[in-house]
Number of protein chains: 2
Amino acid sequence: MAPVKIPDIVVGRLPLYLRALEIMVDDNREITSSQELGDRLGISSAQIRKDLSQFGEFGKQGTGYNVSFLVKKLKEILHVNKTWPMVLVGVGDLGRAVADYGGFTPRGFKVETVYDSDPQKIGKQVGTFTIRDASRLGDDLAKNGIKIVMLAVPTASAQDVADRVIKAGVTAILCYSSTSISAPSKVHVEYIDPVLHLQRMTYYMR
Amino acid sequence: MAPVKIPDIVVGRLPLYLRALEIMVDDNREITSSQELGDRLGISSAQIRKDLSQFGEFGKQGTGYNVSFLVKKLKEILHVNKTWPMVLVGVGDLGRAVADYGGFTPRGFKVETVYDSDPQKIGKQVGTFTIRDASRLGDDLAKNGIKIVMLAVPTASAQDVADRVIKAGVTAILCYSSTSISAPSKVHVEYIDPVLHLQRMTYYMR
DNA sequence: TAGATTGTTAATCGATTAACAATC
DNA sequence: TAGATTGTTAATCGATTAACAATC
């Protein structure tokens with residue numbers, strides 16, 4: 001009995017559910033329903049029930065879902081019931097903001113170290129971090145067992161840096177550079193490019 | 001004859017094609033094929049041909065696509081053959097980086113003004129911008145005909161600010177706050193939340 | 001002409017939704 | 001019990017892919 005393969009698109013919605021539920025926790029909500037959650041997220045209640053049911057029976061007929069219980073379950077499923085150490089490569093304007101971003105820690109992630117290859121920057125402080133030489137990435141990553149890297153390097157060097165961190169055992173890359181990178185299928189790559197979102201919207205605008 | 005409705009999912013891929021093609025322009029590539037483009041993006045060549053053919057016949061059998069011609073066409077389709085003025089609301093660490101980000105201008109967007117509601121910040125400089133009082137948003141947006149707003153405000157005030165800018169005629173919101181906002185269907189909302197991407201990846205990791 | 005690649009069709013595949021029995 | 005909401009099935013809907021004629 002092969003464990004049923006959960007579709008990627010379902011996995012992609014779970015963090016959205018978790019985020020909405022954590023806001024409900026902050027608001028001291030104890031119970032919610034697929035209907036309410038769906039209304040908040042613009043997703044049908046049927047889809048939410050179907051997605052969740054892939055992982056277990058978390059609700060009660062007639063009542064709904066216990067918010068903190070569902071939060072706990074989703075954190076387990078997404079493996080964010082622990083904190084993942086990450087490193088950041090590239091400390092330009094964007095990298096600086098990523099390093100300072102306060103939103104990682106409460107949600108399961110922590111920036112451990114930041115790197116740059118510019119000799120002018122190496123050794124300087126960025127927030128609480130001392131910028132390390134990017135040429136040390138290989139050794140450091142392997143030694144500290146880091147699995148997640150965020151890239152905020154110039155477009156032209158993104159692939160090169162990606163190749164190097166992958167060689168050092170990294171299996172997840174969050175790429176802020178405006179380019180696609182190629183990686184073996186065992187390595188997960190996600191992208192953040194605000195312009196892609198903007199252009200998607202202007203398509204519909206005059 | 002109703003103009004055929006292009007699926008949202010197709011529209012969402014066009015900016016990706018445009019981005020890859022612009023990199024090819026920089027590399028002085030004159031011609032490409034759906035095969036090559038697909039390889040770079042991890043998308044099947046059939047899908048690329050099908051997507052593009054929704055908008056016209058841009059290629060030549062046996063040859064492929066002229067890169068700069070296709071760039072020109074995609075810019076027209078996405079309405080980024082002009083520059084869209086935008087404003088940014090919220091100048092914390094994240095907002096500061098968004099304001100300084102150099103990637104908007106070459107790709108069809110420009111930050112015109114930045115706003116915050118913190119009296120401590122109003123009047124201060126951020127890069128080349130003087131922070132304006134967020135209470136002026138309503139008047140300013142309407143007067144300058146701004147249609148696009150980027151939100152980098154605290155989660156708790158995102159909905160409130162969104163409501164106000166929508167009232168002032170804004171039809172596109174790029175939301176960096178970690179929450180979903182509700183808006184009339186004529187208003188386009190896109191989200192950027194790095195943690196959602198990270199959690200999507202850790203699902204697959206031990 | 002031979003080789004290559006588009007644009008498009010039809011088939012396949014997968015995701016969403018509607019509906020409802022089960023049950024709290 | 002009556003009302004509400006889940007979990008799940010089957011039907012619908014939509015997206016992707018394989019294949020190939022057209023043609024450069």
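All of these numbers come straight from a predicted model, not from anything done at the bench. Side-chain atoms are counted along with the backbone in the values below, which use heavy atoms only and exclude waters and symmetry mates. Below, chain A is the first sequence line, B the second, and so on; all start at residue 1.
- A donor-acceptor pair shorter than 3.5 Å can be found between the side chains of A/R49 and A/S34.
- Within the 4.0 Å cut-off from OP1 or OP2 of C/dA22, not a single side-chain nitrogen or oxygen of A/Q61 is found.
- To the nearest angstrom, P of D/dA15 lies 17 Å from CD1 of B/I48.
- In this model, the phosphate group of D/dA4 is not approached by any side-chain N or O of A/Y65 to a distance below 4.0 Å at OP1 or OP2.
- The nearest whole Å value for the distance from the NZ atom in B/K5 to the P atom in D/dA15 is 9 Å.
- For B/L70 and C/dG7, the CG to C1' distance is 14 Å, given to the nearest whole Å.
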Going through the distances and angles, do A/Y17 and A/D51 end up as a side chain to side chain donor-acceptor pair (under 3.5 Å)? CA-CA 10 Å; A/Y17 301 160; A/D51 286 352; 2.6 Å; yes
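- Taking side-chain N and O atoms only, A/S34 has a distance below 4.0 Å to OP1 or OP2 of D/dT6.
- Summarising the geometry, atom OG1 belonging to A/T128 is positioned 8.0 Å from atom CG belonging to A/D100; distances are rounded to the nearest 0.5 Å.
- The interatomic distance linking A/L52 (CG) with D/dT8 (C1') rounds to 14 Å, in whole Å.
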Go ahead and write out DNA chain C as dot-bracket, 5' to 3': ( ) for pairs within the strand, [ ] for ones crossing earlier pairs, | when the partner sits on another strand, dots for unpaired; Watson-Crick or G-U wobble, both distances under 3.5 Å. ..||||||||||||||||||||||
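- In this structure, B/F55 places its CZ atom 13 Å from P of C/dG7, rounding to the nearest Å.
- With the nearest nucleotide of DNA chain C identified for both B/K60 and A/A46, B/K60 has the one nearer the 5' end.
- With rounding to whole Å, A/F58 atom CZ is found 17 Å from C/dC24 atom P.
- The aromatic rings of A/Y204 and B/H188 sit parallel, their planes meeting at an angle under 30°, below the 60° perpendicular limit.
- Checked against D/dA19, D/dG7, D/dT16, the side chain of B/R49 finds its nearest nucleotide in D/dA19.
- With 3.5 Å as the limit, one finds a donor-acceptor pair spanning the side chains of A/D39 and A/Q35.
- Checking A/D193 against A/Y176 by side-chain atom types alone, no donor-acceptor pair falls below 3.5 Å.
- Between B/T63 and D/dC24 there is no side-chain N or O to OP1 or OP2 distance below 4.0 Å.
- The side chain of A/E57 lies closest to D/dT8, out of C/dA15, C/dG7, D/dT8.
- The side chain of A/Q47 approaches C/dT17 more closely than any other nucleotide in the set C/dT17, C/dG7, D/dT16.
- Residue A/K50 places its side chain closer to D/dA10 than to any other of D/dT5, C/dT6, D/dA10.
- Relative to the side chain of B/S53, the nucleotides D/dA15, D/dG7, C/dT8 differ in distance, and C/dT8 lies closest.
- Between A/I9 atom CD1 and C/dC13 atom P there is a gap of 18 Å when expressed in whole angstrom units.
- Taking the side chain as every heavy atom from C-beta outward, B/L174 and A/P194 approach each other to under 4.5 Å.
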